[in-house]
Amino acid sequence: MKPYILGIDIGTGSTKAVALTLTGEALGVVQNHYPINNPEPGYSEQDPLLIWHAFVKCMQDITARVGYAPVTVSFSSAMHSIILVDETGTPLLPMITWADARSEDIAQELRHSVQGAEIYRITGTPIHAMSPLCKLIWLRTNKPELFIQAAQFISIKEFIWFKLFGSFEIDYSIASATGLFDILKLDWSVEACKLAGISAAKLSIPRNTTYHRNNLNPDTAALLNISQQTHFVIGASDGCCANLGSHTTGPGIAALTIGTSGAVRITSPKPVYNFDGMTFNYLVNQDTFVCGGAVNNGGIAINWLLQNFLQKEKLTPADYDELFATIDTIPAASDGLIFLPYLYGERAPLWDTQTSGGFLNIKPAHTRAHFLRAALEGVCFALYDVLKTVEDASVNITQVNISGGFVSSATWTQILADITGKRLVVLQPEDASAVGAIYLAAQVLHPESYDQLTHVDNQTVIEPNAQNHERYSKLFPIFKKLYRDLMDSMHRLHELDI
Ligand code: ADP
């Protein structure tokens, strides 16, 4: 029986449990799904009890799959959720997820104020509807009775932790994504709490991400099918764990993901601020930050094009290969055709819900394949914009570790290498967030196994083509300027009632 660490990733659509032995051998993965509810436009809610049940089932399933219980369990979880609970940890309302947009107007007003900039500097969290700070302001105004009645304001990870240990505790990483936590003082921010209208006593006790507990009560241990002495590490957020799990920890290395949406993240010993681009600064631990930005328009923008213009309702891997093969003959920079990918509004670095997509500089010579190539380039330019924003405020990036669905396409990844001019490394460990949680646990509870557990070999490397990079370097400033030039018209179009 090889001892193993279980990484639990509490995601938005499912909870996953990944089992790795102390030598890094994968023993199995189990996953349990739950719904997201949208009772009103812009609302995104979940039942935290269903997530607890999914977690319990993951624990039971993995011990059944492997045949014995883990020695250590460690958590990663989605950021920005908020649950109003009473003193027994019972929810007073459904959980509000990161995707909930009901506090958009509040966020917008705050973002453009002096106070908003100060709150961003203190807390590292972009001022956006995803931020629990903005959600609390909305709740105070719109659900005043429940807001006053709430004994605690907690996230999904604290909800699960409370069910395990009966104590309201939060890791620095999840705390640093609330918009309420002072990321340098490592305590709740007086200013942010005042703005939210709450006392810090109604927030959980902040803990280091390697903080751990055992001594479960006998009933809980029996329910989870483990020993009472099993150690639980509180862990970090999914974004921070993903950086650890994808080995994006050294200086000059960035992680870049393109899935449905996209994100860029670096690891830094200090926060990296950009007051316009509002890049985030989330804590991995007291002296390590994950800094970066997320974009809305990743694969979702490409899929829109493929489905609507290229008549592909359901996309198979063979469809992507076939369609993307048609663009290899089109020169880099698509003969000047530019795609602004902002179909779904944009988060970093524009923070503009009213922006929209567009093709520009269309000429008679442009073919269907040009449009497809320009679309892939547009999505990569938007991510390069975030990468440059972070890089300009920190250190030179020499390597980009890539992950997400786009990694399957040699065409798309080469475009990204050529646009960024950086060496890309395909580092796609299955379930990087859960694996990152396992690495955190190994640091503190199994240090003798750490090197062996985290060792990777066989990396795929994609080098940029210098000539193509030069072409893209001429186009990129125009891509950036086009948004600024068109912003006003996009906003007017958004307001237009036709
Ligand atoms: P999610 O963020 O929802 O987990 P994925 O990481 O699976 O999504 O990425 C999904 C996106 O990846 C799709 O929207 C699509 O644009 C892209 N994609 C998926 N499969 C392929 C493929 N075989 N080749 C190129 N791109 C792909």
Side-chain angles (χ1 to χ4, degrees), residues 9-16 18 29 31-36 44 76-79 97-99 130 237-239 241-243 245-246 248 255-265 292-328 339 341-344 346-348 357 369 371-383 386 400-419 424 426-436 460 462:
D9 181 30
I10 308 163
T12 312
S14 66
T15 287
K16 250 184 207 177
V18 175
V29 179
Q31 185 172 20
N32 285 291
H33 290 85
Y34 27 78
I36 302 166
S44 174
S76 152
S77 90
M79 294 176 269
T97 80
W98 64 271
M130 70 188 180
S237 67
D238 52 4
C241 283
N243 260 39
S246 65
T248 310
L256 187 150
T257 305
I258 305 179
T260 304
S261 54
V264 174
R265 300 183 305 263
V295 303
N296 289 349
N297 301 282
I300 197 168
I302 300 304
N303 287 15
W304 162 81
L305 184 81
L306 299 178
Q307 283 164 345
N308 289 287
F309 286 82
L310 307 180
Q311 277 94 43
K312 286 288 174 188
E313 199 39 51
K314 285 227 163 67
L315 292 157
T316 64
D319 287 331
Y320 285 109
D321 290 347
E322 194 190 318
L323 289 164
F324 291 178
T326 65
I327 70 174
D328 285 335
F339 177 59
Y342 310 124
L343 269 67
Y344 295 88
E346 194 49 294
R347 281 183 279 169
F371 277 77
L372 183 48
R373 181 169 189 112
L376 295 179
E377 290 172 346
V379 167
C380 292
F381 273 139
L383 280 148
V386 181
V400 180
N401 294 345
I402 55 168
S403 62
F406 91 117
V407 164
S408 310
S409 165
T411 305
W412 197 348
T413 49
Q414 189 63 52
I415 289 173
L416 182 75
D418 295 351
I419 284 181
L424 308 186
V426 183
L427 258 177
Q428 176 125 301
E430 279 294 303
D431 315 306
S433 297
V435 171
T460 307
I462 301 157

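Start at 1 and go down the list; that is how both ligands and their atoms are numbered. This structure is a prediction, so every number in the text was calculated from the model and none was measured.
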Quick one: which ligand 1 atoms are inside 4.0 Å of a heavy atom on [X]?
{"X": "Ser408", "value": "22 (C), 23 (N), 24 (N)"}
{"X": "Gly404", "value": "6 (O)"}
{"X": "Ser409", "value": "24 (N), 25 (C)"}
{"X": "Trp412", "value": "16 (O), 26 (N)"}

Given the rule in the side chain to side chain contact (heavy atoms under 4.5 Å, CB included) test, do Asn297 and Leu343 qualify, once you have shown the distances and angles that lead to the verdict?
-> CA-CA 7 Å; Asn297 301 282; Leu343 269 67; 3.8 Å; yes
Of the listed options Gly299, Gly11, Gly259, closest to atom 10 (C) of ligand 1 (non-hydrogen atoms) = Gly259
With respect to atom 20 (N) of ligand 1, which of Tyr320, Phe324, Phe406 exhibits the smallest heavy-atom separation?
-> Tyr320
Determine the minimum heavy-atom distance between Asn243 and Ala255, stating which atoms define it.
-> OD1-CB, 3.7 Å
Taking every heavy atom of Ser44 against every heavy atom of Thr97, the minimum-distance pair comes out as OG-OG1, 2.6 Å
Please check if any side-chain donor atom of Asn401 sits under 3.5 Å from a side-chain acceptor atom of Ser246, or the reverse.
-> no
Hey, are Tyr344 and Ser261 close enough side-chain-wise for a donor-acceptor pair under 3.5 Å?
-> no
When the ring planes of Phe309 and Trp304 are compared, do they come out parallel, tilted or perpendicular, using 30° and 60° as the limits?
-> perpendicular
Within reach of ligand 1, part of Thr260 (heavy-atom separation under 4.0 Å) | both
Residue and atom name of the nearest protein heavy atom (relative to atom 14 (O) of ligand 1), distance in Å to one decimal = Asn303 ND2, 3.1 Å
Identity and separation of the nearest protein heavy atom to atom 17 (C) of ligand 1 = Gly405 C, 3.9 Å
Are Asp9 and Lys16 close enough for a salt bridge, meaning some N to O gap below 4.0 Å?
-> no
What do you think, any protein heavy atom under 4.0 angstrom from atom 8 (O) of ligand 1?
-> yes
